[in-house]
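Quick notes on the structure that follows.
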4 protein chains.
Amino acid sequence: MFAFRVLDRSGVPAYLQLVDQVRRGLLLGHLQEGDQLPTVRAVAAGLVINPNTVAKAYRELEHAGLAVARAGQGTFTTGKVEQVPAAAYARLSSRLRQWFSDAQEAGLAPEQVRAMIDAIMDDEQRRETA
Amino acid sequence: MFAFRVLDRSGVPAYLQLVDQVRRGLLLGHLQEGDQLPTVRAVAAGLVINPNTVAKAYRELEHAGLAVARAGQGTFTTGKVEQVPAAAYARLSSRLRQWFSDAQEAGLAPEQVRAMIDAIMDDEQRRETA
Amino acid sequence: MFAFRVLDRSGVPAYLQLVDQVRRGLLLGHLQEGDQLPTVRAVAAGLVINPNTVAKAYRELEHAGLAVARAGQGTFTTGKVEQVPAAAYARLSSRLRQWFSDAQEAGLAPEQVRAMIDAIMDDEQRRETA
Amino acid sequence: MFAFRVLDRSGVPAYLQLVDQVRRGLLLGHLQEGDQLPTVRAVAAGLVINPNTVAKAYRELEHAGLAVARAGQGTFTTGKVEQVPAAAYARLSSRLRQWFSDAQEAGLAPEQVRAMIDAIMDDEQRRETA
DNA sequence: GTGGTCTAGACCACC
DNA sequence: GTGGTCTAGACCACG
């Protein structure tokens, strides 16, 4: 099935984290069109959060056209997302993992790694906007 | 000086974004001990947000020991953060930028790039936790 | 300002009734772009329903692009709706009211009036679909 | 026979839509006392909904005294409803259809037509209540 | 004061 | 069993 996580630290609302994880799963091909998402109750129990929070995330996915809920049956993804081509994904993913392990070997703390990533993504985003 | 940004979409509270940006600046050496942060008013005007929000961010920074406010003078950083060594930073940064431009050349949308990064950071974090 | 109602009988969820009333207000020109909607708390107090229910309606309006919420300020409409031209509105509205009063004079109970309306709207909708 | 419809968008529970359609048929004389309703299975198959849902609607109709189920034979209406007199019905119905076609000619979208109807019915109901 | 998030728990509609 | 609606009430972010 599909495994969710919720990180309490980040300041990002839990329901948005769930939404992002599904969107990411679709973008990267880990989720395919028509796949069933875990039931609201299952996610709530697994992450020890309130079912309403999960339901809110699923509703948000419906609004975004990424999932449909069918009462009595469950919630299912719809593949309205352009997936990363598998070849590019494999290649880039492997290089990125390499980068991470190099950073770790260089003695960077996770916090420092994250800072570098964030800084560069910020730059990239500024470039797009400009 | 130091330039702040606030992204409305992300779900991260504005004041936390400001805090993170200062922390990141310190971690990466873009901010040095004793540097002056822009005034509350200047940030508020520049980002079109409420001065209270900026003030809250600066208060958090003080609380975290990353900055001190001197009445009538402004807010100044304190270097209580382990900076990434310049050499490692330069090397890793350049490789990461290379990775980004390759991803872009491979035709990945910004959204897809972000998804890959997030997915892999998620994995790394799981690894640490485990 | 703008006045909401909630009809308990209809079986339509309260939050959807609120959404429909705003949409209708925009369609008919009773609400203009940029008008402030009553605050969540005001609506909740006025209709004696839970603030969360009102918030849900307002969020739905945001998803539909019909309103935007600004924390600390309120919720405001956006005019992304094609309004009925005032002239046509006036003419048709008056004739329809005439029809209603004729139906009433003919001795039709409200329930019967509603049945006729529903039946004919059903027919129209079938015609569109076909 | 009698044809049911279910509109998924409206927010009205499917089983209530079925109940209302029978009630309306009786009010307008489209259904006469003793007429047989389509079998649960036929309705379920035709509308692609669960037979339980149809059964629930028929149960409600029995409860409201509008139909009776005869084991092994089917469900039949009972005429316990005050029908709209045929003359008034014909006259009002034709005028209302005229109004609809005028609205359409005036360029109103179905959504706008519905908005006008709803707004005026709302007003009427307020008047009754007042 | 505004809207937003989350919890806890009840009840309903649908399969 | 599934998802959906609503309530009550706490706490947070923003102006």
Side-chain angles (χ1 to χ4, degrees), chain A residues 6 8 11-18 36-44 47-62 67-76, chain B residues 6 8 11-19 44 47-57 59-60, chain C residues 6 8 11-18 36-44 47-62 67-76, chain D residues 6 8 11-19 44 47-57 59-60:
Chain A
V6 172
D8 282 326
V12 182
Y15 84 94
L16 273 184
Q17 296 185 36
L18 300 182
Q36 178 170 7
L37 295 176
T39 70
V40 168
R41 288 158 168 87
V43 176
L47 299 181
V48 195
I49 60 179
N50 192 287
N52 286 339
T53 301
V54 182
K56 187 175 191 175
Y58 280 15
R59 165 164 284 246
E60 210 74 9
L61 287 168
E62 280 212 83
V68 290
R70 289 199 279 270
Q73 302 191 90
T75 304
F76 301 82
Chain B
V6 171
D8 282 329
V12 182
Y15 85 95
L16 267 186
Q17 296 186 38
L18 300 182
V19 170
L47 299 180
V48 195
I49 61 179
N50 193 291
N52 289 338
T53 303
V54 183
K56 183 171 186 178
R59 229 180 303 129
E60 291 284 313
Chain C
V6 172
D8 283 327
V12 183
Y15 83 95
L16 271 185
Q17 296 185 37
L18 299 182
Q36 178 170 9
L37 295 176
T39 69
V40 168
R41 289 157 166 90
V43 176
L47 300 180
V48 196
I49 60 179
N50 192 287
N52 286 338
T53 302
V54 183
K56 187 174 189 175
Y58 280 14
R59 164 163 285 245
E60 210 74 8
L61 286 168
E62 280 212 83
V68 290
R70 290 199 280 270
Q73 303 192 89
T75 304
F76 300 82
Chain D
V6 172
D8 283 329
V12 183
Y15 85 95
L16 268 186
Q17 295 186 39
L18 300 182
V19 170
L47 300 181
V48 196
I49 59 179
N50 193 291
N52 288 337
T53 303
V54 183
K56 182 171 188 179
R59 231 179 301 128
E60 291 285 311

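In what follows, chains are A, B, ... by sequence order, proteins preceding strands, each numbered from 1. Note that the structure is a prediction, hence the values are computed from the model and not measured. Below, each value reflects all heavy atoms present in this structure, side chains not excepted, and no hydrogens, waters or symmetry copies.
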Please tabulate the protein-to-nucleotide N/O contacts below 3.5 Å involving nucleotides 13-15 of chain F, giving atom names and distances.
unit_1: F:dA13; atom_1: OP1; unit_2: B:Tyr15; atom_2: OH; d: 2.9
unit_1: F:dA13; atom_1: OP2; unit_2: B:Lys56; atom_2: NZ; d: 2.9
unit_1: F:dC14; atom_1: OP1; unit_2: B:Ala14; atom_2: N; d: 2.6
unit_1: F:dG15; atom_1: OP2; unit_2: B:Asn50; atom_2: N; d: 3.1
unit_1: F:dG15; atom_1: OP2; unit_2: B:Thr53; atom_2: OG1; d: 3.1

Qualifying residues under side chain to side chain contact (heavy atoms under 4.5 Å, CB included), relative to A:Ile49, sequence neighbours excluded: A:Leu18, A:Leu47, A:Thr53, A:Val54

Shortest non-hydrogen separation from D:Ala57 to D:Tyr15 and the atoms involved: CB-O, 3.5 Å

Looking only at heavy atoms, what is the nearest atom pair of A:Val6 and A:Ala14, with distance? CG1-CB, 4.0 Å

Nearest-nucleotide 5' precedence on DNA chain E, A:Arg41 against C:Pro38: C:Pro38

Residue among A:Val68, A:Thr75, A:Leu37 satisfying side-chain contact (heavy atoms from CB on, under 4.5 Å) with A:Leu61: A:Leu37

Taking only residues two or more places apart in sequence or in another chain, which ones pass side chain to side chain contact (heavy atoms under 4.5 Å, CB included) with C:Arg41? C:Thr39

Under 4.0 Å between any heavy atoms, over every strand shown, what does C:Glu62 touch: base, sugar-phosphate, or nothing? Just pick one. sugar-phosphate

Testing the basics here: between C:Val40 and C:Pro51, what is the closest heavy-atom pair and its distance to 0.1 Å? CG1-O, 3.5 Å

Taking only residues two or more places apart in sequence, or in another chain, which ones meet B:Glu60 in a salt bridge (Lys or Arg N to Asp or Glu O under 4.0 Å)? none

Using chain D heavy atoms and a threshold of under 4.0 Å, write down where along DNA chain E the contacts begin and end, 5' to 3'. E:dA13 to E:dC15

Paired runs of 3 or more consecutive Watson-Crick or G-U pairs involving DNA chain F, with both pairing distances under 3.5 Å, are E:1-14 with F:1-14

Just call it for C:Ala55: base, sugar-phosphate, or nothing, with non-hydrogen atoms closer than 4.0 Å on any strand. nothing

Heavy atoms of D:Gly11 and C:Pro13 approach each other most closely as O-CD, 3.4 Å

Is there side-chain contact between A:Lys56 and C:Arg59, with heavy atoms separated by less than 4.5 Å? yes

